[in-house]
Amino acid sequence: QAAMGTGDTSSKKSEKRKRRRRSRSASPAPPPPAPSSSSSQAQASSSSSSRRQQKQPQHQQDEEEQQSSGDVISLSIEETNKLRAKLGLKPLEVDSSASDPKAKPGSSSTNFLHAPAKSLTQAKHSAKVQERTLIGWQKREMREKLTRLRGLGDDSDEEDKDLSAAAWIERSRNLEAERRLAEQRAKELAELDAEFDVSRLVEADVASSAYSSNDLAGLRVAHSAKKFKEGQTTVLVLQDRGVLDSNDDDAAETLINVNMVDDERHAENVRNRAQVGSAWHAANAGLEGEAGLDDEDDELGGAAGPSVLAKYDSVIAADSASRKRAFVLAGGETEAPAAKSAAALARDAVAAASVSLDGPSELKLAADYLSAAEVAEAAKFKRRKRKVPKSRMLKADDLLPLVDDEEASKGRQEEGELVDEAPTMPGLTDAEIIEQTPSVADEALEDLQLLLERARRVQQQDGRRRPRQLPVVNRRDKQDQEEDSSGLPSASSGMVFDTTAEFCRSLGDASKAATAVAVAQAEARAAVADAAEAASFEASAAAADVDAGDDEDGLEDDYSIYGRRKQQQVGTWMEVDPESAMRQQQQQQQQPSREQYRRRTAADDEDSIDVSDAEQAGGGGAGGILEEEPELRKGGIGAALELARRKGYLESSGGRRDAAAGSSGVSGLRAKKVFQEDLRHDDIDAKFGRRDRLSFGGGGGGGGVQEFKELRNYKPDVKLEYTDDDGRVLNQKDAFDYLSHRFHGKGSGKKKTEKRLKKIKEEELLKSMGSSDTPLGTAEKLHAKLERQGTAYVCLSGRAAAASLPSGVSK
Amino acid sequence: QPQPAMIEITVNDRLGKKVRIKCNPSDTIGDLKKLIAAQTGTRWDKIVLKKWYTIFKDHISLEDYEIHDGMNLELYYQ
């Protein structure tokens, strides 16, 4: 930066100006200048001085002292260092030598060295070089190879050095022959192999080997021969043995297969577990390979029951089993036993797990009761218990120990128990006692006494037990039971009160009682009736007409049995007064047989149903529920019908009423149904509310209007057609319009009428339209034109067209 | 560019205080403030150095702020 200052005279000034300018230029848009506070000089100078300043390198001012004049305060280096030392900062670094970026490793400018850019030319060059070298190496390889190879020209047999072609041909032929021979030999060998055992040939080849199968003769194998299948190679190892064990039969060297040993042990464990527990295990143990198949060899066989020292059975058994299973190798070949076929294996497994279904050969029906044979057996069994001398008689002295026994057995015996378990008499059972009874007469007496005692006891109903009498009673009781078992149980043997039985009895008793009473009454009445019949004949004749006319009585008499008898009503129950019933009976009887059919039948049936009526009366009076069925001793169909009527099987008097009411005479003319309307004259709704068609105008039309029977199915097809003034048929809307116009006296306005007329015209046109032509009648017009023209065509455009147009129409 | 060993910074308060400080580029702003305070007579924690609205923080060195030789900083007081 060139110094642009004026001179040295005002160096300070210039410096000031320079500094000022520098400071000015260096700083960005300055904040608004605030009024000076500290140095007015600086302010004045800054505002007034010129702007030209030069930038002097800072290093020139290093030696200067602090210049407080002007606007800049600065310290010298020494001062700065002093200050820094005071503050605790390290002194200023004065660059004595040219600053080296490498000398300052910490500086930020030296920390980052950019890697040189990858030069593409260099890369290409290096790639080319690489390729060339590679090619050269490959070429060298090939050259070397070629030098090693021998061409046809070179000699293969270096010994002969025979270059002739013939020799070469011969040599090649020999080679071929050799090749063929080799092939043949190989084929033959293969055939031989197929015929004989391969292993044999192999062994023959390997004849130099030290061991043969003969060396193995005499060695024991601790597994069963069945396990070794054909075509399978099993590796056997010598079983561990003590060093000092002698080579006896028991402790001979044994060969084992490790896997087989494990399997056996597992099977044993399973079997032991099966013995302890579940059936499943037992079943499955049979199916597992070794354990199942060797069942016939095993001592245990299947699952044996628990025995003494059962837990050691497994150990012992295993030992013995294994010993049994082992086989000794013979010299040469030991043929492995032919494995069981799959079918045989399956059969064995199934057989082991199968269950025999042969139950008891003969099946009998279960019975709740012992059959005769079984009873006999039981009896026999019982009898054999004690043997008693038959000549022994029952004496009073024998009862003494009995008493003691009974006292002892008080607690045991329950009251009323008639079957005794233990015969209290020493050495005597019931059956034997029967044999011993002295005589029948005595028996009978005893029986009577026993019965009396029992009855007394029952009546007393005391809870005390009579053990002393009990045994005697019991023995006799058993006899009774045996005797009575054939016949019905006697009535005095026991009183059983059953609700049903009581009810029935009460009914029967009641009816019987009523019947007895009624029978007596009937007899009395009968006597009276005979006497009074003659006397009552006239009286009844006089009353007959009255009666005939009096339907009420007749009607009532119809229901006499039900009506008068049941006049008394006590609450909801109807009681029959026996006296009134009796009177009824008398009335019935007094009416002579000359009366109508009903009465005659009643009279006829009197005797027959006399008893029944009496019974009814008596039953009603006594309060019996059921009546005895009436017996139709005499009287034929009439009596039966009467009974049926009474029972209610017949509708009461269908024909009778007619006869009684009388279709003839005044009664026939009377109204069948008479209703009496209860009119209410105050209530208007009631007046007009329910009005049948019958009640209109006093039953308008004379007792109601009935529709014509001929016209019941008449359904007229009504069509109402309205026509216009012109005669056109109007639809509903138009008809209404017409009606309203007529009603109101004015029609529609102008537009409306025009519209209507237009519509009418269009309708006419539509009607007149032909199917063969357009609505405008184009075809017809065309036809007419053609006629006029006399040509078969019409010109539509061109000069001819203009000429053909009708006059007055311009194109 | 290689850093000079010592740099001189001008700190200007628009109120008439203009100080030239010699320091190392590795000095922090805090050290610079202390130097300024020693020269101006204020307390160093009362000084705020700014450049247009960028406040220089005390713990960062001058070279990291890229404050080179002869730069001007604005002095304010808080």
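Sequence lines set the chain letters: A, B, ... in the order given, protein chains first and strands last, and positions in each chain run from 1. Here the structure is a predicted model, which means the values were calculated and not measured. All values below were derived from every heavy atom in this structure, side-chain atoms included, with hydrogens, water molecules and symmetry-related copies excluded.
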Report summary line: dist A:S74:OG -> B:K18:NZ (nearest 0.5 Å) comes out at 11.0 Å

Query raised in the report: What's the spacing between A:E78 CD and B:K22 NZ if we round to 0.5 Å?
Result: 9.0 Å

Query - Top contributor to chain B contacts, counting heavy-atom pairs under 4.5 Å, from A:T80, A:L89, A:N81, A:L83 - result: A:L89

Query raised in the report: Looking at side-chain heavy atoms only, is the closest gap between A:L75 and B:R20 below 4.5 Å?
Result: no

Answer yes or no: does atom [atom1] of [X] have more than 12 heavy-atom neighbours from other residues, nucleotides or ligands under 6.0 Å?
{"X": "B:Q78", "atom1": "CD", "answer": "yes"}
{"X": "A:E131", "atom1": "CD", "answer": "no"}
{"X": "A:D262", "atom1": "CG", "answer": "yes"}

Query raised in the report: Quick check: does any side chain N or O of B:K34 sit under 3.5 Å from a backbone N or O of A:L87, one acting as donor and the other as acceptor?
Result: no

Query raised in the report: Considering only heavy atoms, which portion of B:S26 lies under 4.5 Å from any heavy atom of chain A: side chain, backbone, both, or neither?
Result: side chain

Report summary line: So, the part of B:L35 with a heavy atom under 4.5 Å from chain A: the answer is both

Report task. Report the option among B:N24, B:I21, B:D31 that has the most heavy-atom pairs separated by less than 4.5 Å from atoms of chain A. Result -> B:N24

Query - Under 4.5 Å from any heavy atom of chain B - which part of A:K90 - result: both

Query raised in the report: Checking A:L92 against chain B: side chain, backbone, both or neither under 4.5 Å from a heavy atom?
Result: both

Which pairs of donor and acceptor atoms, one on a side chain in residues 134-146 of chain A, lie under 3.5 Å apart (sequence neighbours left out)?
none

